[in-house]
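Data block below; observations after.
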Amino acid sequence: MKKVYYLKTCNTCIRILKELDLSSEFELQDIKTEPITVKQLEQMQKLSGSYESLFSKRAKLYKEMDLKNTALSEADFKHYILEHYTFLSRPVIIIDDHIFIGNSRKTVEQVKNTLSGK
């Protein structure tokens with residue numbers, strides 16, 4: 001499976017997609033217009049090892065809801081990601097059984113290396 005969960009309105013996501021120049025094999029899912037399903041999130045969690053690794057602590061709502069002062073469980077992370085798309089760290093790129101989460105330079109480089117077979 002080759003899939004990207006991203007936001008069409010996120011300049012960083014768009015820049016990364018252009019930089020990666022992904023083949024047509026990839027399915028792109030704009031998480032704002034096509035929300036993540038429970039099954040999709042559970043699949044991401046299986047690949048990443050935790051819901052927390054998929055959770056964006058930089059989301060505006062994270063600060064607004066004062067979640068940093070709350071002890072969040074894995075169930076909480078799952079709930080918030082499903083409740084509002086901004087809680088998913090973006091983009092999430094899945095290439096077969098590999099998952100790449102977020103927009104750091106290191107993550108983008110890992111995607112490039114996986115795509116080129118390194």
Side-chain angles (χ1 to χ4, degrees):
M1 176 192 3
K2 294 178 180 353
K3 183 142 187 170
V4 180
Y5 297 93
Y6 78 112
L7 261 182
K8 195 166 39 181
T9 56
C10 170
N11 292 335
T12 303
C13 287
I14 299 305
R15 177 185 52 79
I16 289 170
L17 289 175
K18 280 183 183 167
E19 187 178 329
L20 293 173
D21 192 26
L22 300 172
S23 72
S24 59
E25 292 177 85
F26 279 85
E27 180 187 341
L28 302 180
Q29 181 172 331
D30 178 4
I31 60 174
K32 186 174 186 177
T33 58
E34 189 184 338
I36 298 165
T37 66
V38 171
K39 186 178 175 188
Q40 288 173 326
L41 185 59
E42 288 172 349
Q43 178 193 29
M44 287 186 251
Q45 183 272 341
K46 214 174 267 177
L47 290 171
S48 70
S50 73
Y51 291 109
E52 184 175 8
S53 65
L54 296 160
F55 188 85
S56 174
K57 292 182 178 166
R58 295 191 322 193
K60 198 170 147 188
L61 277 178
Y62 181 73
K63 293 172 184 83
E64 287 175 8
M65 295 169 74
D66 199 31
L67 294 176
K68 69 175 183 247
N69 295 317
T70 308
L72 297 174
S73 67
E74 278 291 288
D76 293 328
F77 289 121
K78 180 180 181 182
H79 165 77
Y80 285 119
I81 292 170
L82 289 170
E83 183 180 276
H84 204 278
Y85 65 87
T86 59
F87 285 120
L88 182 70
S89 194
R90 304 172 304 273
V92 173
I93 301 171
I94 298 173
I95 303 172
D96 302 320
D97 58 349
H98 300 283
I99 189 166
F100 305 92
I101 304 161
N103 55 32
S104 72
R105 269 263 151 247
K106 183 180 172 196
T107 300
V108 175
E109 285 305 312
Q110 288 173 333
V111 173
K112 286 180 180 176
N113 289 339
T114 300
L115 290 170
S116 66
K118 290 183 184 172

Report yes or no: do [X] and [Y] belong to one cluster of Ile/Leu/Val/Met/Phe/Trp/Tyr joined by side chain heavy-atom distances under 4.5 Å?
X      : Y      : answer
Ile94  : Leu115 : no
Tyr80  : Ile36  : yes
Leu47  : Leu54  : yes
Phe100 : Phe26  : yes
Val111 : Ile31  : no

**OP:** Mind listing the closest non-hydrogen atom pair of Lys63 and Lys57 along with its distance?
**Re:**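 Scanning both residues completely, I find the closest heavy atoms to be NZ-O, 4.1 Å.
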Subject >> Closest non-hydrogen atom pair, Gly102 against Ser89 >> reply: CA-OG, 3.9 Å
Subject >> Asn11 CG: over 12 foreign heavy atoms closer than 6.0 Å >> reply: no
Original post:
Within a reach of under 6.0 Å around CD of Glu25, are more than 12 heavy atoms found that belong to other residues, nucleotides or ligands?
Top reply: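 Not more than 12 within 6.0 Å, no.
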**OP:** Check step by step if salt bridge (Lys or Arg N to Asp or Glu O under 4.0 Å) holds for Glu34 and Lys8.
**Re:** CA-CA 11 Å; Glu34 189 184 338; Lys8 195 166 39 181; over 6 Å; no
Can you confirm whether [X] sits close enough to [Y] that some side-chain heavy atom of one is under 4.5 Å from a side-chain heavy atom of the other?
X     : Y     : answer
Met1  : Glu27 : no
Leu20 : Ile93 : yes
Lys2  : Asp96 : yes
Tyr6  : Arg90 : no
Lys3  : Val92 : no
Thr12 : Arg15 : yes

**OP:** Calculate, to the nearest 0.5 Å, the distance between atoms CD and CD belonging to Glu52 and Gln45 respectively.
**Re:**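 Between Glu52 CD and Gln45 CD, I get 12.0 Å after rounding to 0.5 Å.
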Original post:
If you measure from CD1 on Ile81 to CG on Leu41, what distance do you get to the nearest 0.5 Å?
Top reply: 5.0 Å
Original post:
Would Thr107 and Ile101 count as a side-chain contact (heavy atoms from CB on, under 4.5 Å) if you check the C-alpha gap in whole Å, the side-chain angles of each, and the deciding distance to 0.1 Å?
Top reply: CA-CA 7 Å; Thr107 300; Ile101 304 161; 5.9 Å; no
Within the side chain of [X], is there an N or O that forms a donor-acceptor pair under 3.5 Å with the backbone of [Y]?
X      : Y      : result
Ser56  : Arg58  : yes
Thr114 : Gln110 : yes
Glu74  : Tyr51  : yes
Asp30  : Lys32  : yes

Subject >> Aromatic plane relationship, Tyr62 with Phe55 - under 30° parallel, 30 to 60° tilted, over 60° perpendicular >> reply: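 Phe55 vs Tyr62 ring planes: perpendicular.
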Original post:
Any salt bridge between Glu109 and Lys112, counting N to O under 4.0 Å?
Top reply: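 Salt bridge flag = yes for Lys112 with Glu109.
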Subject >> Tyr5 and Met44: CA distance, side-chain angles, deciding distance, side-chain contact (heavy atoms from CB on, under 4.5 Å) verdict >> reply: CA-CA 10 Å; Tyr5 297 93; Met44 287 186 251; 3.9 Å; yes
**OP:** Would you check, one step at a time, whether the test side-chain contact (heavy atoms from CB on, under 4.5 Å) holds for Lys60 with Thr86?
**Re:** CA-CA 8 Å; Lys60 198 170 147 188; Thr86 59; over 6 Å; no
Subject >> Verdict with reasoning, Leu17 to Leu28, per side-chain contact (heavy atoms from CB on, under 4.5 Å) >> reply: CA-CA 10 Å; Leu17 289 175; Leu28 302 180; 4.3 Å; yes
